[in-house]
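Just so you know, ligand 1 is whichever comes first in the structure, and atom 1 is the first atom listed for that ligand.
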Amino acid sequence: MNNKSLPLIYVALDFETAEEANRLTEQLDAKLVGLKVGKELFTAAGPELVKNWVEHGFSVFLDLKFHDIPNTVAQAVVQAARLGVDVVNVHASGGRKMMATAKQALEKESHQPLLIAVTVLTSMTDEDLTEIGVHRNAQEQVMALAKLTQSAGLDGVVCSAQEAEILKSTLGESFKLMTPGIRPKGSQQDDQKRVMTPQQAQQAGVDFMVIGRPITKASDPAQAVSDIIASLSR
Ligand code: C5P
């Protein structure tokens with residue numbers, strides 16, 4: 001079982017190469033932040049990079065959003081567990097059987113990452129959903145898939161901080177929320193549409209924050225992390 005306490009902040013490593021990513025992680029303290037590795041970096045640099053960070057004490061969120069038949073997804077999350085990552089995710093739209101099979105497979109592993117799900121991609125509009133045969137609006141679909149995720153036995157969902165309060169009140173405190181779209185006061189919004197500051201996200205009850213560019217593009221990334229942590233209440 002994974003009993004270690006996980007960091008509040010996961011730094012999104014949206015880089016093309018291992019070298020660029022390592023230049024950043026060398027400036028970060030594994031006691032203060034975790035690392036989020038997504039499809040771009042993982043496809044470019046592979047599992048060795050992740051294993052190396054785990055060996056250096058970093059908590060890693062492997063953000064590969066698996067979506068396939070239950071057996072394939074279960075085998076994939078087991079491999080993620082064996083890399084030593086602490087959080088891994090799947091698409092809730094893969095369905096109950098896919099999610100439950102993945103969770104059950106992880107329960108047999110000695111190191112068990114949190115298994116969370118993506119509900120509706122924030123890039124999707126209500127019209128996009130209609131086009132793929134989903135006739136609920138995005139907000140209703142987020143809630144329906146979050147409930148399905150919980151009933152399939154998963155640990156939580158990726159969601160926007162705006163949805164955090166309603167998700168916590170509906171699904172309970174122990175259901176984990178991982179939220180991107182976080183911008184410290186005064187930082188650039190980039191392409192994020194609806195943002196919250198770290199303090200607001202903390203007040204809304206999120207368990208983990210994914211923060212990318214405000215840290216990765218800062219002139220002093222370690223200082224950016226300290227400033228964010230200092231802005232939070234303990
Ligand atoms: O740089 P920034 O803080 O915007 O990075 C946010 C990270 O979270 C990126 O890796 C982005 O792909 C991811 N993400 C997001 N919105 C979602 C899901 C994931 O911004 N709804």
- Identify, by atom number and element, the atoms of ligand 1 in contact range of Val210, meaning under 4.0 Å from any of its heavy atoms. 7 (C), 8 (O)
- Task: Could you label the plane-to-plane angle of the His91 and His67 rings as parallel, tilted or perpendicular, counting under 30° as parallel and over 60° as perpendicular?
- Result: tilted
- Message: Are more than 12 heavy atoms, taken from residues, nucleotides or ligands other than Gln199, located less than 6.0 Å from that residue's CD atom?
- Response: yes
- atom 6 (C) of ligand 1: the protein heavy-atom neighbour that sits closest, reported with distance to 0.1 Å: Gln192 NE2, 3.8 Å
- Message: Can you give me the closest heavy-atom contact between Pro221 and Ile215, atom names plus distance?
- Response: CB-O, 3.5 Å
- Over all atoms of both residues, closest heavy-atom pair of Val88 and Phe66: CG2-CE1, 4.0 Å
- Task: Please report which non-hydrogen protein atom sits nearest to atom 21 (N) of ligand 1, along with the residue it belongs to and the distance in Å to one decimal place.
- Result: Thr122 OG1, 2.8 Å
- Measure the distances from the heavy atoms of Asp190 to every atom of ligand 1 and state whether one is below 4.0 angstrom. no
- Under 6.0 Å from the NZ atom of Lys97, do we count more than 12 heavy atoms belonging to anything else shown? no
- Query: Do Lys65 and ligand 1 have an N or O pair less than 3.5 Å apart?
  - Reply: no
- Give the intermediate values and the outcome of side-chain hydrogen bond (donor to acceptor under 3.5 Å, both in side chains) for residues Gln223 and Asp227. CA-CA 6 Å; Gln223 186 62 48; Asp227 291 346; 2.9 Å; yes
- Please state which protein non-hydrogen atom is closest to atom 9 (C) of ligand 1 and give its distance, to 0.1 Å? Asp14 OD2, 3.2 Å
- Any donor-acceptor N or O pair under 3.5 Å, side chains Asn89, Asp63: yes
- Any heavy atom of Lys217 sitting closer than 4.0 Å to ligand 1? no
- Message: Under 3.5 Å between any N/O of Asp191 and any N/O of ligand 1: does that happen in this structure?
- Response: no
- Message: Distance under 4.0 Å to a non-hydrogen atom of Arg213: what atoms of ligand 1 satisfy this?
- Response: 1 (O), 2 (P), 3 (O), 4 (O)
- Item | NZ/NE/NH1/NH2 to OD/OE distance under 4.0 Å, Glu20 and Arg23 | no
- Salt bridge flag under 4.0 Å for residues Lys217 and Asp14: no
- Message: Using a 4.0 Å cutoff against the non-hydrogen atoms of Ala12, which atoms of ligand 1 qualify?
- Response: 7 (C), 10 (O)
- Query: With only distance considered, is Pro180 within less than 3.5 Å of ligand 1 through an N or O on each side?
  - Reply: no
- Item | Proximal atoms of ligand 1 relative to Gly212 (non-hydrogen, under 4.0 Å) | 1 (O), 2 (P), 3 (O), 5 (O)
- Identify the closest protein heavy atom to atom 2 (P) of ligand 1: which residue and atom is it, and at what distance? Arg183 NH2, 3.4 Å
- Closest protein heavy atom (residue, atom, distance) for atom 13 (C) of ligand 1: Lys36 NZ, 4.0 Å
